[in-house]
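To keep things clear, I will list the structure first and then write my remarks on it.
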2 protein chains.
Amino acid sequence: MKDTEHPQDSAAGLRSAGLRVTAARLAILDSVRAGDHLDVDAVTSQVRDRLGHVSFQAVYEALHAFTAAGLVRRIEPAGSPARFESRVGDNHHHLVCRQCGRLTDVDCTIGEAPCLEPADDAGYLVDEADVTFWGICPDCRQDS
Amino acid sequence: MKDTEHPQDSAAGLRSAGLRVTAARLAILDSVRAGDHLDVDAVTSQVRDRLGHVSFQAVYEALHAFTAAGLVRRIEPAGSPARFESRVGDNHHHLVCRQCGRLTDVDCTIGEAPCLEPADDAGYLVDEADVTFWGICPDCRQDS
DNA sequence: CCCTTAACCTGAATGATTCAAGTCAACGAG
DNA sequence: CTCGTTGACTTGAATCATTCAGGTTAAGGG
C-alpha cells in the first residue's frame, strides 16, 4: 500500500469526512485518486467499468460532497468542464494545454505565501489563489 | 476626452483591428469600456438601452471578435458566465467575491515576469498566466 | 455606385450542470 | 440484531450559457 499517494484508504477517508461508505462513492473517490484530472464524464465511465452502473447525478453529488469535505479539489479552466484531482491541501497550480486540454500540476511558483497575497487586496478577505498557466504541452509542441 | 482610459475612441479601435464600424459594435465596445467586468447579459441590456435592439448572437460574435483582436479581455471565473473588460495588454489579475460575484482588478503581484513563469514548466510553452484570488469583498464582509 | 463579405438576424441545438421527487440502504440508537 | 432516520441513489425533466445553421442586411473598398 503506497501511503505516499494516499495517506488513508478511501473508506477511511469517507468515514472521517462524515460521509457514508458506499460502493459507488468508493469507486468515485478511487477513480479521482487514480486518474489524472478527470472530468465528470471520465469518472462516471470509470465507475461504470467497475460497478456496472451509476447515475450521473450520483457522481455529481458525490464529487460535490467530496469537494466540500476537502477530499478532492475541483478545477475548472476557462472553457472546460469541471475536472477533479485528489491532491489537496497544498497550494499547487496548473498548466493547461490550449491544444489538447491536458492538465499538469505545478508547484507554487514562489514558495507559499506570495500566492495567497495579491499586491493590493482591495479590502477583500482572500482565502484562495487560483493560478493557471496556459500554453502548449510537450506532445502538442512536437505535432506541429 | 480622457485618453488615460481609452487611448483611442471606439470607432478607431474597431477600424484599426480590421473590424467594421457599426452602431451595434460601437455600443458593445463602449459598454464593456464603461462597465465593470460585465457579462454578456449585462452588455446586451446596455446596448439595448442605447440602440433599442441587438440579438444575443450579435453580442456574442462581437465580443468574440473583440477578444480575438485584443480589444477586450474575456475572463471566466469558475462557476460564472464569461465576463469582459477593456483593460488589456497589462498583466493584471482579479479578485472575485465568493458571495456577490463582484470582480476587482489587481495589479500583478510581483512585477511582470514571475507571473509568466511557473516553477517547473513541465515542457509546456507557456504564454499566459491566469491568476484569480477568491475571497469576500468589503461590502459583503460588512453584511455579516 | 456596386460588389464582396462582415455583421446581423431568427430559430434551433448542444452540453454541462442542477432541480424534483420518490426509493433504497448505511449505520447509529435501542 | 432490528428499526428508523436520513444520506445516497435513481429516473426524468429543466436551466443556463453558449454555439450552430441558414438566410438577410449593410459597411466600405474598388
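By convention in this document, chain letters (A, B, ...) are assigned in the order of the sequence lines, proteins followed by strands, and residues within each chain are numbered from 1.
A/Ala65 comes within 4.0 angstrom of no nucleic acid atom, judged by non-hydrogen atoms across all strands. Residue contacts shown for A/Arg74 are limited to sugar-phosphate atoms, with no base heavy atom under 4.0 Å away. At a threshold of 4.0 angstrom between heavy atoms, the contacts of A/Ala62 with the nucleic acid are absent. Residue B/Ser55 is classed as a base contact, given a heavy-atom separation below 4.0 Å to a base. Within 4.0 Å (heavy atoms only), A/Ala24 reaches sugar-phosphate atoms of the nucleic acid but no base atom. Looking at heavy-atom distances under 4.0 Å, B/His64 makes no contact with the nucleic acid at all.
Rounded to a whole Å, the CZ atom of B/Arg15 is 13 Å from the P atom of C/dA7. Nucleotide D/dA8 holds its P atom 16 Å from the CG atom of A/Leu51, rounded to whole Å. Atom C1' of nucleotide C/dA6 and atom CZ of B/Phe66 are separated by 12 Å, given to the nearest angstrom. The CD-C1' distance, from B/Glu76 to D/dA17, rounds to 9 Å in whole Å. As rounded to whole Å, 16 Å separates atom C1' of D/dG12 from atom OH of A/Tyr60. A straight line from CD of B/Glu61 to P of C/dT5 spans 17 Å, rounded to a whole angstrom. When the P atom of D/dT25 is taken as reference, atom NE2 of B/His53 falls 14 Å away, rounded to whole Å. At whole-Å resolution of the value, CG in A/Asp41 and P in C/dT14 are 16 Å apart.
When the side-chain nitrogen and oxygen atoms of B/Thr22 are compared with OP1 and OP2 of C/dC8, one or more of them lie within a distance under 4.0 Å.
Legend: residues meeting ring pair (Phe, Tyr, Trp, His ring centres under 6.0 Å) with A/His94, ordered by chain and number and at least two apart, are A/His37, A/His92.
Look at A/Arg74 and A/Asp130 and you find no salt bridge, because none of the NZ, NE, NH1 or NH2 atoms lies under 4.0 Å from a carboxylate O. Electrostatic pairing of A/Arg83 and A/Asp105 does not count as a salt bridge here, judged by no charged N lying under 4.0 Å from a carboxylate O.
With hydrogens and angles ignored, no donor-acceptor pair under 3.5 angstrom links the side chain of B/Gln57 to the base of D/dT18.
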- [ ] Could you check A/His93 against B/Val131 for side chain to side chain contact (heavy atoms under 4.5 Å, CB included), going step by step and ending with a plain yes or no?
- [x] CA-CA 10 Å; A/His93 308 312; B/Val131 183; over 6 Å; no
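Ranked by how close their nearest DNA chain D nucleotide is to the 5' end, A/Arg25 and B/Asp39 are led by A/Arg25. Ranked by how close their nearest DNA chain C nucleotide is to the 5' end, A/Val40 and B/Ala58 are led by B/Ala58. Judged by closest nucleotide on DNA chain D, B/Phe56 is the one of B/Arg20 and B/Phe56 placed further toward the 5' end.
No side-chain heavy atom of B/Val96 sits under 4.5 Å from any side-chain heavy atom of A/Tyr124.
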